[in-house]
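Notes follow the structure.
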Amino acid sequence: MDEQLKKTPLVCVVGPTASGKSSLAVKLAQKLSGEIISADSMQIYEYMNIGTAKPTAAEMCGIPHHLIDFIPPDKLFTVADYVKLARQKINEVTKQNKLPILTGGTGLYISSVADNIIFSESPSNTKLRAELKAISDEQGNEFMWNMLNEIDPILAKTLHPNNSGRVLRGIEIYKLTGTTMTEHKRLSRLRESPYKLCMLGLNFKNRETLYARIDARVDAMISLGLVDEVRELIKMGYSKTSVQAIGYKEFFDYLNGKCSLQEAVDCVKQETRKYAKRQLTWFRRDERINWIYVDEFEDNDLILQEALKLINKNTGGI
RNA sequence: GGCGCCAUAGCCAAGCGGUAAGGCAGAGGUCUGCAAAACCUUUAUCCCCGAUUCGAUUUCGGGUGGCGCCU
């Protein structure tokens, strides 16, 4: 019990894209004297504003937002980097007697912070990775999987041979550290979470409603000048990270004259829906999440009330 | 009115006398260092009726629907 009292309160607002996380988080911050720490793998980048739905100054309503818009789009950024920064921000916010509110749709980032995953230090590995990639290209996925199965059968069993990225990573981490991924995972979870968590998840009873919101939002992004934003990024020479961001990569073909604007827009909508579905798959398995079904409430105020109620119930008051 | 073509899953689409590829969409899932990424699983009895046949989605006849052309 005393242990519980010592823990740092941390509210998490999760859910699929376009479910209203940002807006709810801001309102919670206003009510509970909080600050927002973003958990979004794309909003971290500068110049990618419209397409990542980065909150505008107006939308922030004066609430401080951390871990948004702070690194150039071509910089490599990993979960480990994120967790480090997020922990730091949570501490800073807490020290000011403010409530940290972790908000975002990147499940891996959220979980890693919430579960207090300790990522081991590992040296730069691009060379080894390239070597493994070369072998893989030559010998094939099965071969690499068998190699992994020799060194870390537990991990191998959970991976499909076609998932070469992970298979290679499993081999790589062993060659690099002499310790298997399975062991790394065990070690990463030894320290108990310092947070008193309250996780809120936004979802929809009717999936169609979510998809309609996604479509509408993509259309809105276009009106706001998303295509010009993509043009600018390319002009600045940034096409590496944006290559994998939905709402950016789809416009490359359009800008190269390979498809119509409408086709590109439809593609963005489609990809965003699939992304939302994947996000739900990720979050659904986290039993700590208290789900709020957005389409069961008449307006945002009622959603806020529900969220406050859940926070109260789960933390005994903050 | 005549001639020709087509009819396979929500969509696109292959196929064959022995009980139907693939792609997309949809649904479900995996997840520890680029995660808005990567990967996995999953969905039909072939327009209707008759005939031939051991057996028809596949052949033949008729119907219905659609497309094209002609008068």
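The sequence lines fix the lettering, A, B, ..., with proteins before strands; numbering per chain opens at 1. Heavy atoms only: backbone and side chains are in, while hydrogens, waters and symmetry mates are out.
Looking at A:Glu271, its side chain never comes within 3.5 Å of a backbone N or O of A:Ile246 through a donor-acceptor pair.
OP1 or OP2 of B:U32 has at least one side-chain nitrogen or oxygen of A:Arg166 nearer than 4.0 Å. Put simply, A:Gln270 has a side-chain N or O that comes within less than 4.0 Å of OP1 or OP2 on B:G26. Dashed line: the shortest gap from a side-chain N or O of A:Tyr275 to OP1 or OP2 of B:A38 is not under 4.0 Å. Not one side-chain nitrogen or oxygen of A:Arg169 sits closer than 4.0 Å to the OP1 or OP2 atom of B:A38. Dashed line: the shortest gap from a side-chain N or O of A:Asn163 to OP1 or OP2 of B:A38 is not under 4.0 Å.
B:C48 and B:C54: their C1' atoms are spaced 25 Å apart (whole Å). Separation of the C1' atoms belonging to B:U45 and B:C70 is 39 Å when rounded to the nearest angstrom. A distance of about 33 Å separates the C1' atoms of B:G15 and B:G2, rounded to the whole Å. Taking the P atoms as reference points, B:U57 lies 15 Å from B:A7, given to the whole Å. Rounded to the nearest Å, the gap between the C1' atom of B:G28 and that of B:G63 is 42 Å. Comparing the C1' positions of B:G17 and B:A56 gives a spacing of 6 Å, expressed to the nearest Å. Nucleotides B:G23 and B:U8, compared at atom C1', are 15 Å apart to the nearest Å.
For B:A38, the base has no donor-acceptor partner in the side chain of A:Arg278 [N/O atoms by modelled type, under 3.5 angstrom]. Side-chain atoms of A:Thr158 stay outside donor-acceptor range of the base of B:U30, with no qualifying N/O pair under 3.5 Å. Remark: the A:Lys277 side chain and the B:G26 base include no donor-acceptor N/O pair separated by less than 3.5 Å.
Residue A:Leu108 contributes atom CG, which lies 15 Å from atom P of B:A38 at whole-angstrom precision. Protein atom CG of A:Leu190 is 17 Å distant from nucleotide atom P of B:U32, rounded to whole Å. At whole-Å resolution of the value, CZ in A:Arg207 and P in B:G10 are 20 Å apart.
Nearest approach of A:Thr17 to A:Leu210, heavy atoms of both residues: O-CD1, 3.5 Å.
Within 6.0 Å of CZ on A:Arg288 lie more than 12 heavy atoms contributed by other residues, nucleotides or ligands.
The partner of B:G65, taking Watson-Crick or G-U wobble pairs whose two distances both stay under 3.5 Å, is B:C6.
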